[in-house]
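Quick notes on the structure that follows.
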Amino acid sequence: MLVREVMTDQVITVRPTDPVRQAVRVLHAADVTAAPVLDTDGRLVGIVSEMDLLRGEFQRDPRASARAVLGHGEPVPFLVEEVMTADPVTVTPATDAVELIDLMVGRRVKSVPVVEHGRLVGIVSRRDLLAVLARSDDDLRADVLAALHEHYPSGPSWEVSVHDGVAELHGHCGEHADRIADLLARTVPGVVRVKHSAG
């Protein structure tokens, strides 16, 4: 599965000079956990997450401690550029989802901007990946059959079953055709593994 098959292409973005409170409202209204930050020329200059926006926004409540709460501490960040992650890690639409997941785990990020030819074209989050895995086996089976039929409109054909995201192709149509069918099934978003049985 490639990033382009799972990414969100209608991206909610903010500017570096947007007030933090405005960015908070944007993320909350759109129900997203992070937003790419674009400069006035539309170039990606950062990403800001919910956690970034929470930084410094709350003061200690005097009711939570027997000690008096004095002073105001550090100044509260006012602009997105003060809390965003600059030069974020990115992927392209052609990046393999396995590479994307390794990146998310290694960098401990929940959302990754998708860039093509230097321009933001999407964003992909852990929630997007989970949505693909949550697809029903019936939907996956239908998509595998459609992919096979598109490539082989006049045959050969295979019986297809899907259980918990694992697609099984039943039948033998020649080594080359079976190999192509296996590859086609693997391209269906949500199929986690493909098995082939001769019977």
Side-chain angles (χ1 to χ4, degrees), residues 1-136 139 189-190 192:
M1 184 174 65
L2 303 180
V3 163
R4 66 170 171 257
E5 295 167 318
V6 67
M7 73 181 193
T8 299
D9 56 10
Q10 300 297 315
V11 189
I12 303 298
T13 64
V14 295
R15 302 283 187 194
T17 52
D18 286 345
V20 164
R21 270 310 160 92
Q22 180 181 328
V24 167
R25 294 185 185 106
V26 168
L27 266 67
H28 180 71
D31 192 26
V32 295
T33 60
V37 183
L38 304 182
D39 67 13
T40 53
D41 295 323
R43 291 176 303 205
L44 180 70
V45 295
I47 189 166
V48 67
S49 70
E50 293 170 319
M51 287 307 299
D52 296 329
L53 294 171
L54 286 172
R55 193 180 308 158
E57 285 298 303
F58 292 92
Q59 292 189 14
R60 291 192 177 278
D61 190 316
R63 297 172 297 179
S65 174
R67 293 180 300 160
V69 179
L70 302 174
H72 298 288
E74 294 295 316
V76 175
F78 181 66
L79 300 177
V80 166
E81 63 189 358
E82 297 175 62
V83 297
M84 72 181 191
T85 299
D87 300 319
V89 60
T90 63
V91 292
T92 72
T95 300
D96 192 296
V98 172
E99 183 181 335
L100 167 67
I101 293 167
D102 288 345
L103 195 62
M104 286 177 152
V105 171
R107 298 292 187 94
R108 297 183 179 180
V109 293
K110 294 182 179 180
S111 300
V112 179
V114 184
V115 176
E116 188 171 36
H117 307 305
R119 307 299 284 185
L120 180 73
V121 295
I123 190 167
V124 63
S125 68
R126 292 191 297 198
R127 189 184 299 178
D128 295 324
L129 293 166
L130 286 173
V132 170
L133 293 179
R135 298 183 66 211
S136 74
D139 286 347
V192 294

Output, in order, the C-alpha distance, side-chain angles, deciding distance and verdict of side chain to side chain contact (heavy atoms under 4.5 Å, CB included) for L27 and E50.
-> CA-CA 8 Å; L27 266 67; E50 293 170 319; 4.3 Å; yes
Using the side chain to side chain contact (heavy atoms under 4.5 Å, CB included) rule, take L53 and H28 through it: C-alpha gap first, then chi angles, then the decisive distance, then the call.
-> CA-CA 11 Å; L53 294 171; H28 180 71; over 6 Å; no
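Side-chain atoms of L100 and L129, non-hydrogen and from C-beta on, do get closer than 4.5 Å to each other. Within the 4.5 Å cutoff, no side-chain heavy atoms of M7 are placed close to those of I123. Between R127 and D31 the shortest side-chain heavy-atom distance falls below 4.5 Å.
Among all heavy-atom pairs drawn from P16 and V37, the shortest one is N-CG1, 3.4 Å. The shortest heavy-atom contact between D52 and M84 is OD2-CA, 4.5 Å. When all heavy atoms are compared, the tightest approach of P19 to V80 is O-CG2, 4.2 Å. Heavy atoms only, all atoms of each residue included: K110 and M104 are closest at O-CE, 3.4 Å. The shortest heavy-atom contact between V121 and P93 is CG2-CG, 3.9 Å. When all heavy atoms are compared, the tightest approach of L44 to P88 is CD2-CG, 3.9 Å.
In this structure, L38 CG and I47 CD1 are separated by 10.5 Å, a value rounded to the nearest 0.5 Å. In this structure, the separation between CG on L120 and CZ on R43 is 13.5 Å, given to the nearest 0.5 Å. The OG1 atom of T90 sits 11.5 Å away from the CD atom of E116 when rounded to the nearest 0.5 Å. Rounding to the nearest 0.5 angstrom, the gap separating the CG atom in D128 from the OG atom in S111 is 7.5 Å.
D96 places a side-chain N or O within 3.5 Å of a backbone atom of V98 that can act as its donor or acceptor partner.
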